[in-house]
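Here's the structure we're looking at; comments come further down.
Just so we're on the same page: letters track the sequence lines, and every chain starts at 1. The structure displayed is predicted, hence computed values, not measured ones. Just the heavy atoms: all of them, side chains too, but no hydrogens, waters or symmetry mates, feed the values below.
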Amino acid sequence: DAKTTQPNSMESNEEEPVHLPCNHSTISGTDYIHWYRQLPSQGPEYVIHGLTSNVNNRMASLAIAEDRKSSTLILHRATLRDAAVYYCILRGVLSNFGNEKLTFGTGTRLTIIP
Amino acid sequence: GAGVSQSPSNKVTEKGKDVELRCDPISGHTALYWYRQSLGQGLEFLIYFQGNSAPDKSGLPSDRFSAERTGGSVSTLTIQRTQQEDSAVYLCASKRGQGETGELFFGEGSRLTVL
């Protein structure tokens with residue numbers, strides 16, 4: 001799997017937007033960019049994913065650079081509940097069963113300041 | 001059920017004992033994954049099932065670890081002769097089917113402590 005690089009930690013003020021960066025310079029043309037987050041003492045939960053175009057859902061937005069070598073997860077208005085570890089993961093197009101797993105890195109620990 | 005269910009939520013065992021951890025995926029989800037997470041660490045992939053088959057078991061750390069899935073539903077992860085380094089949270093996830101856009105749904109995990 002292509003590798004992703006994220007900052008170890010970030011802080012943001014409550015009710016402010018948060019931009020979580022992810023670098024993936026070795027991304028291939030068929031790799032999807034997935035974001036998951038893990039709240040304290042819980043299993044990870046899906047946030048968003050995309051391929052080339054920017055994506056929006058009820059939780060967040062995903063901005064993907066034109067060259068696809070980086071992406072940014074945007075939380076539009078952070079709440080205390082958004083404090084979590086955020087994982088940026090690449091996943092290739094399925095060619096055989098071997099591409100089914102998601103490989104989690106160490107992620108970014110986001111702290112929200114009240 | 002509505003989500004992925006794992007049991008037990010907590011298990012304390014003595015070194016050398018065998019343990020079984022159970023995962024009930026979301027109904028209809030054909031793909032099932034096991035991960036483990038040691039204290040303060042990231043998630044480590046263990047095994048992936050599609051139906052009852054395990055095409056990727058590359059993450060199982062030793063032959064003391066095994067997993068099976070029956071009826072395309074419930075999965076059991078078995079750790080034989082547990083060691084202290086097996087202490088971790090074991091997480092199960094399921095997905096509707098194959099494909100790169102599928103979202104994984106995780107359970108709350110089973111916390112294993114080996115004394």
Side-chain angles (χ1 to χ4, degrees), chain A residues 1-9 22 27-53 55 57-60 62 68 84-109, chain B residues 2-7 9-10 21 23-26 29-60 67 88-111:
Chain A
D1 295 328
K3 191 177 167 69
T4 63
T5 304
Q6 300 177 254
N8 287 333
S9 62
C22 181
I27 191 171
S28 76
T30 53
D31 282 339
Y32 279 75
I33 303 159
H34 291 250
W35 283 82
Y36 281 74
R37 72 179 186 181
Q38 188 172 21
L39 278 64
S41 301
Q42 295 189 26
E45 64 176 349
Y46 168 84
V47 178
I48 201 166
H49 77 277
L51 183 61
T52 56
S53 303
V55 185
N57 67 20
R58 64 175 178 80
M59 288 181 72
L62 176 60
R68 300 187 72 236
V85 178
Y86 286 78
Y87 298 97
C88 169
I89 304 158
L90 301 184
R91 185 148 167 240
V93 171
L94 179 67
S95 59
N96 55 51
F97 289 123
N99 281 331
E100 282 292 332
K101 71 184 180 192
L102 287 183
T103 301
F104 287 76
T106 53
T108 297
R109 181 174 299 278
Chain B
V4 177
S5 178
Q6 293 188 245
S7 61
S9 54
N10 273 290
L21 307 176
C23 173
D24 256 296
I26 293 172
H29 280 196
T30 61
L32 186 147
Y33 303 74
W34 283 98
Y35 287 82
R36 76 174 175 181
Q37 188 170 33
S38 301
L39 188 63
Q41 303 296 312
L43 276 76
E44 176 188 4
F45 168 81
L46 297 178
I47 188 169
Y48 155 70
F49 286 92
Q50 181 60 38
N52 292 336
S53 301
D56 189 348
K57 50 180 84 171
S58 62
L60 294 178
V89 176
Y90 289 81
L91 290 155
C92 176
S94 70
K95 183 167 74 71
R96 185 171 294 117
Q98 296 175 222
E100 68 284 351
T101 61
E103 170 187 347
L104 267 66
F105 295 84
F106 281 83
E108 297 282 327
S110 292
R111 181 177 297 278

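Looking at B/Y35, its side chain does come within 3.5 Å of a backbone N or O of A/L102 through a donor-acceptor pair.
For A/R68, the CZ atom sits in a packed shell: over 12 heavy atoms of surrounding residues, nucleotides or ligands are nearer than 6.0 Å.
Partners of A/Y36 by ring-ring contact (aromatic ring centres under 6.0 Å, His included), not counting sequence neighbours, listed by chain and number: A/Y46, A/F104. Partners of A/L39 by side chain to side chain contact (heavy atoms under 4.5 Å, CB included), not counting sequence neighbours, listed by chain and number: A/R37, A/Q42, A/E45, A/R81, A/A84.
Put simply, the side chain of B/L43 reaches to within 4.5 Å of the side chain of A/Q38, judged on heavy atoms. Inter-residue side-chain proximity for B/L91 and A/P44 is flagged as met; some heavy-atom pair is nearer than 4.5 Å.
Proximity to chain A (any heavy atom under 4.5 Å) is shown, for B/S53, by neither the backbone nor the side chain. Proximity to chain A (any heavy atom under 4.5 Å) is shown, for B/E44, by neither the backbone nor the side chain.
Heavy-atom pairs under 4.5 Å with chain B peak, among A/G105, A/G43, A/S41, at A/G43.
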